[in-house]
Amino acid sequence: MKREPKLLRRAFFNRDPRIVSPELLGKLIVRSDGRKKIAGRIVEVEAYLGADDLAAHAAAGRTARNAVLWGPPGHAYIYFIYGVHYCLNVSCLPDGEAGGILIRALEPVSGIREMAKARELADLDPTMPHELRKLTSGPGRLAEALSITRPRDNGKDMVAAESDLQVMDDGYKVEEVAVTPRIGITKSAELPLRYVIAGNAFVSGKPQRLKPDFKKQR
DNA sequence: GAGGAGATCGTCT
DNA sequence: GACGATCTCCTCT
């Protein structure tokens, strides 16, 4: 099933975020740190649109802060929030049109020790599922785990071969996508623009109660 | 287990 | 000068 990860093409992101979001689930975010690869599988995203979407940073028009959202597709838009956290988005749509996808949660795939160190959870036990969740189950958490910051990564091309922050496809197939309203916003809060891999344990928020018929996934 | 508050700063009004 | 696409810790039940 899975194969050697391949870089996504820019054309993948040159579409409406609502189209790209569900397809982005199951792909890998890969941080190259020297020889080390730190990777996580995308299990939760939110689409943010342009002027019509009041919750989007692009809604107020183009500013120095959100310029990446208006630029070419496949680039990293990193913003700083609550004076504490960074969050990672990938720009969508062609140069001149605003749109992006917030990466809200990852399932750790490789470099778990490095993630734990970056999160200052050095004594975390990677064999305990509820401990692993603390690494990347939330936008602020995953940015910290991958050492993503605005000064370092904003505007970075995520589909360039030489980039140290990339989006890749290893052939993983998502079985079921669930769609819900977005989290933590007040404007346009009713729009169903949050996409998650149904039943995945690394989705942010309170751990989902597993249904009795839930088949443990591999 | 649930709920609330504090942290802390860039960005825009 | 206000506030935000969040997380953690603390208190109360």
Side-chain angles (χ1 to χ4, degrees), chain A residues 13 16-18 20-22 24-25 29 40 42-71 75-93 98-108 115-124 128-155 158 167 178-196 201-210:
Chain A
F13 293 103
D16 189 293
R18 288 166 290 195
V20 180
S21 288
L24 195 54
L25 294 173
I29 299 288
I42 300 169
V43 301
E44 175 181 356
V45 300
E46 284 178 1
Y48 285 88
L49 316 177
D52 297 338
D53 180 3
L54 297 178
H57 288 181
R62 184 173 187 151
T63 66
R65 178 201 193 197
N66 67 24
V68 175
L69 289 174
W70 301 80
H75 288 249
Y77 168 54
I78 321 287
Y79 64 88
F80 189 53
I81 190 72
Y82 298 117
V84 186
H85 301 289
Y86 290 102
C87 297
L88 167 67
N89 296 244
V90 188
S91 64
C92 292
L93 294 168
I101 298 175
L102 170 67
I103 311 298
R104 284 194 56 89
L106 301 176
E107 176 173 346
M115 290 188 196
K117 196 171 160 192
R119 294 269 296 122
E120 299 185 341
L121 297 168
D123 53 354
L124 174 140
M128 302 294 283
H130 69 279
E131 296 243 304
L132 267 186
R133 281 188 92 256
K134 295 181 191 168
L135 290 178
T136 52
S137 291
R141 289 174 169 182
L142 73 89
E144 190 172 74
L146 298 190
S147 303
I148 292 170
T149 68
R150 180 169 168 96
R152 178 179 179 183
D153 298 304
N154 190 53
M158 296 186 73
V167 197
V179 184
T180 79
R182 293 173 293 186
I183 305 276
I185 55 173
T186 52
K187 302 170 204 160
S188 298
E190 71 289 354
L191 300 178
L193 294 175
R194 173 172 175 258
Y195 303 80
V196 307
F202 293 90
V203 168
S204 73
K206 286 180 223 134
Q208 313 279 314
R209 251 282 158 77
L210 299 183

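On a predicted model such as this, the values are computed, not experimentally measured, just so you know. Numbers restart at 1 for each chain; the letters A, B, ... are given by sequence-line order, proteins then strands.
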Colleague: Need the pair for B:dC12. Rule: Watson-Crick or G-U wobble, both distances under 3.5 Å, any strand; none if unpaired.
Modeller: C:dG1

Colleague: Could you give all pairs that pass the salt bridge (Lys or Arg N to Asp or Glu O under 4.0 Å) test and reach residues 142-155 of chain A, with sequence neighbours left out?
Modeller: A:Arg31-A:Asp153, A:Arg119-A:Glu144, A:Arg152-A:Asp164, A:Asp153-A:Lys156

Colleague: Could you check A:His85 against A:Ala64 and say which one's nearest nucleotide on DNA chain B is further toward the 5' end?
Modeller: A:His85

Colleague: Test of understanding: with salt bridge (charged side-chain N to carboxylate O under 4.0 Å, His left out), list the residues that count as partners of A:Glu46, not counting sequence neighbours.
Modeller: A:Arg104

Colleague: Given side-chain hydrogen bond (donor to acceptor under 3.5 Å, both in side chains), test A:Arg141 with A:Thr136 step by step and report yes or no.
Modeller: CA-CA 5 Å; A:Arg141 289 174 169 182; A:Thr136 52; over 6 Å; no

Colleague: Anything under 30° is parallel, anything over 60° is perpendicular, the rest tilted; go ahead and classify A:Tyr86 against A:Phe80.
Modeller: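 Tilted, since the angle between the ring planes falls between 30° and 60°.
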
Colleague: Residues two or more places apart in sequence or in another chain: which of them pass salt bridge (charged side-chain N to carboxylate O under 4.0 Å, His left out) with A:Asp53?
Modeller: A:Arg182

Colleague: Name the nucleic acid region contacted by A:Thr63, choosing base, sugar-phosphate or nothing; use a 4.0 angstrom heavy-atom cut-off, strictly under.
Modeller: sugar-phosphate

Colleague: Kindly write out the residues that satisfy side-chain hydrogen bond (donor to acceptor under 3.5 Å, both in side chains) with A:Arg65, not counting sequence neighbours, or none if the list is empty.
Modeller: none

Colleague: Going 5' to 3' on DNA chain B, which nucleotide is the first and which the last to come under 4.0 Å of a heavy atom in chain A?
Modeller: B:dA2 to B:dC12

Colleague: Both distances under 3.5 Å, Watson-Crick or G-U wobble: report the partner of C:dC10, or none.
Modeller: B:dG3

Colleague: Write down the distance separating the P atoms in C:dA5 and B:dG3, rounded off to the nearest Å.
Modeller: 22 Å

Colleague: Identify which one of A:Val90, A:Ile103, A:Asn89 satisfies the side-chain contact (heavy atoms from CB on, under 4.5 Å) criterion when paired with A:Val45.
Modeller: A:Ile103

Colleague: Base, sugar-phosphate or nothing for A:Arg65? Non-hydrogen atoms, less than 4.0 Å.
Modeller: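 Since only primed, P, OP1 and OP2 atoms lie under 4.0 Å of A:Arg65, the category is sugar-phosphate.
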
Colleague: Quick one, A:Val43 with A:Leu106, criterion side chain to side chain contact (heavy atoms under 4.5 Å, CB included). Give me CA distance, side-chain angles, the key distance, then yes/no.
Modeller: CA-CA 5 Å; A:Val43 301; A:Leu106 301 176; 5.8 Å; no

Colleague: Where does the chain A footprint on DNA chain C start and end, counting 5' to 3' with a 4.0 Å heavy-atom cut-off?
Modeller: C:dG4 to C:dT8

Colleague: Look at all strands and tell whether A:Gly83 reaches a base, only sugar-phosphate, or nothing, counting heavy atoms closer than 4.0 Å.
Modeller: base

